[in-house]
Each structure stands twice: as structure tokens, then as C-alpha cells.
Amino acid sequence: MTSSAAVAATAATAVSAAPDRRDVGLLLLRLGAGGALAAHGAQKLFGWFGGHGLAGTGEFMESVGYAPGRASAAAAGLAEAGGGTLLALGLATPAAGAAAAGAMAGASAVHTPNGFFAQSGGYEYAATLGLTAAGLAIAGPGRLSLDQALGHTADRSWMVPAALGATATAAALVVGLRNRRLRRREEAERGEQGTLFEE
């Protein structure tokens, strides 16, 4: 290779390694979605930003069918705070995005009876955050990320389907158990009402 060809090859490599607008866009998505998720997780775990902490969130979780409530609150809070923080940093992006998406699947299940739009208590916001997190897990963090700086050791191709598959399985199980609990609760309440009318 001639010296001019070597210089051209080096320049082409440097240009392709430099961040471009896609990387900036991914950074903005990561910071926005990751920051929102981390804040929601901090509300659940620590009571920050007007949240209710583990005790209050645990009571709410029990009321909507996630039991045990405190453990459910801790799991959701860790998935949101941990997944959101890692997404914002662009670190372990497949696992971070999958964890956050799983938490948002659980939140969406709670809001689904209210329809789509958030103004009516619907699942719009949770679904948007969840899909954004899953999309980032698939697309990757871009070059403005800790994954890039660390040589993508925690951002391998095989990790994407593994993380999303494991999270989808866990979310389906948890939401399914919740739905079963709610059905049993409704049946018990109907039975009690029937007994009252008979008296």
C-alpha cells in the first residue's frame, strides 16, 4: 500500500469512527427515556421527586394485584432506576433496555383498562417508555456511550435476544399471575355481595 493510500484509509477509518447525527439522536433518546425511567424508579425506591418509597408503592402494588407488594415495588423500582441509569449512560444497553421494557409492560397492564391515552389514565406513557427502551436495546447505544468506550463487552449481538426474551418471559409470568389474582379477588367480592343480598 502506498503512503497516500494508507493516509486515505486511516482518514476513512477516523471519519467512520467519529460520532454522527445518528449517535447524537441515540444519545438524546437514551438521556430522555433513561432519565425519566430513573426518576420513576427513584420515586418507588426512595420516595424522591414526590414518590411514596417502598412502603407506599408496595401498598399500591398490592392494591393492583402485584404481590407481595413491597417486593414488587422493589423489583419495579430497580428495573426502572437501574435500567434507566444504564440506558442514559449507554452501558449494558441490551440488559438495561430489556429491564426497563419489562417494568413498563407491568405498568401498562395496570393502565390498560383505562384505554390508550394518558389523560384518561391509559397506558400511553408506559408503553411509549417501554417501546423506547426496547428499541434502544435493539438499536444499540451509539458511539457516544460507555458501551462504545469499553469495547462493547456488555453489548454483544447475542445479548439482545437473550435479554429481551428473558424479560418477555418474566413479564408475561408476572402479569399473568397478577391477572389471576385480580380475577380471584373479583370472584370473592361477588360471592360476598351475593351473601349480603341473601341475608
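Side chains included, hydrogens not; waters and symmetry mates left out as well; all remaining heavy atoms used.
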Task: Minimum-distance pair of heavy atoms, taken over all atoms of A42 and F49 - done: CB-CE1, 3.9 Å

Open item on the list: Quick one, L144 and Q148 - any side-chain contact, counting heavy atoms below 4.5 Å?
Closed with: no

TODO: Nearest 0.5 Å please: distance from the NZ atom of K44 over to the OG atom of S72.
DONE: 11.5 Å

Open item on the list: Do L86 and L37 sit in one hydrophobic cluster, given that two such residues count as connected whenever their side-chain heavy atoms are within less than 4.5 Å of each other, even indirectly?
Closed with: no

Task: Shared hydrophobic cluster for L29 and L87 (ILVMFWY, side-chain gaps under 4.5 Å) - done: yes

Task: hydrophobic_cluster_shared for L91 and L136, side chain cutoff 4.5 Å - done: no

Open item on the list: If hydrophobic clusters are built from ILVMFWY residues whose side chains come within less than 4.5 Å, do V64 and L54 share one?
Closed with: no

- [ ] Please list, chain by chain and in numerical order, all residues satisfying ring pair (Phe, Tyr, Trp, His ring centres under 6.0 Å) with F46, sequence neighbours excluded.
- [x] W48

TODO: List, by chain and then residue number, the residues other than L164 in its hydrophobic cluster (Ile/Leu/Val/Met/Phe/Trp/Tyr, side-chain heavy atoms under 4.5 Å); write none if there are no others.
DONE: I138, V160

Open item on the list: Tell me the closest heavy-atom pair linking M61 and G69, and the distance in Å.
Closed with: CB-O, 3.7 Å

Task: Pairwise distance CD(E124) to OG(S108) - rounded to 0.5 angstrom - done: 11.0 Å

TODO: Assess the pair Y125 and H40: is the distance between their ring centroids shorter than 6.0 Å?
DONE: yes

TODO: Measure the spacing between CG of N179 and CZ of R184 and express it to the nearest 0.5 Å.
DONE: 12.0 Å

- [ ] Looking only at non-hydrogen atoms, find the nearest pair between A18 and D23 and report the distance.
- [x] O-OD2, 4.2 Å

Please tabulate, one pair per line, all N/O donor-acceptor pairs under 3.5 Å involving side-chain atoms of residues 92-107, not counting sequence neighbours.
from: T93; atom 1: OG1; to: D147; atom 2: OD2; distance (Å): 2.7

Task: Closest heavy-atom pair and its distance - E62, A67 - done: OE1-CB, 3.8 Å

Open item on the list: Is the shortest side-chain heavy-atom distance between R180 and R183 below 4.5 Å?
Closed with: yes

- [ ] Please report the closest heavy-atom contact between S120 and N114, naming both atoms and the distance.
- [x] O-CB, 3.4 Å

Task: Close side-chain approach of D155 to P141, heavy-atom, < 4.5 Å - done: yes

Open item on the list: Are the side chains of Q43 and H52 in contact, using a 4.5 Å heavy-atom criterion?
Closed with: no

TODO: Could you tell me whether the side chain of E80 reaches within less than 4.5 Å of the side chain of L45, counting heavy atoms only?
DONE: no

TODO: Verify, without hydrogens or angle tests, whether R185 (side chain) and S63 (backbone) share a donor-acceptor contact under 3.5 angstrom.
DONE: yes

Open item on the list: Please determine whether the number of non-hydrogen atoms from other residues, nucleotides or ligands lying under 6.0 Å from atom CZ of F116 exceeds 12.
Closed with: yes

Task: Separation of T128 OG1 from Y123 OH (nearest 0.5 Å) - done: 10.0 Å

Task: Which atom of A88 lies closest to which atom of R30, heavy atoms considered - done: O-NH2, 3.2 Å

Task: R181 side chain vs G65 backbone, donor-acceptor pair below 3.5 Å - done: yes

Open item on the list: I'd like to check Y66 versus V174 (side-chain heavy atoms, cut-off strictly below 4.5 Å). Are they in contact?
Closed with: yes

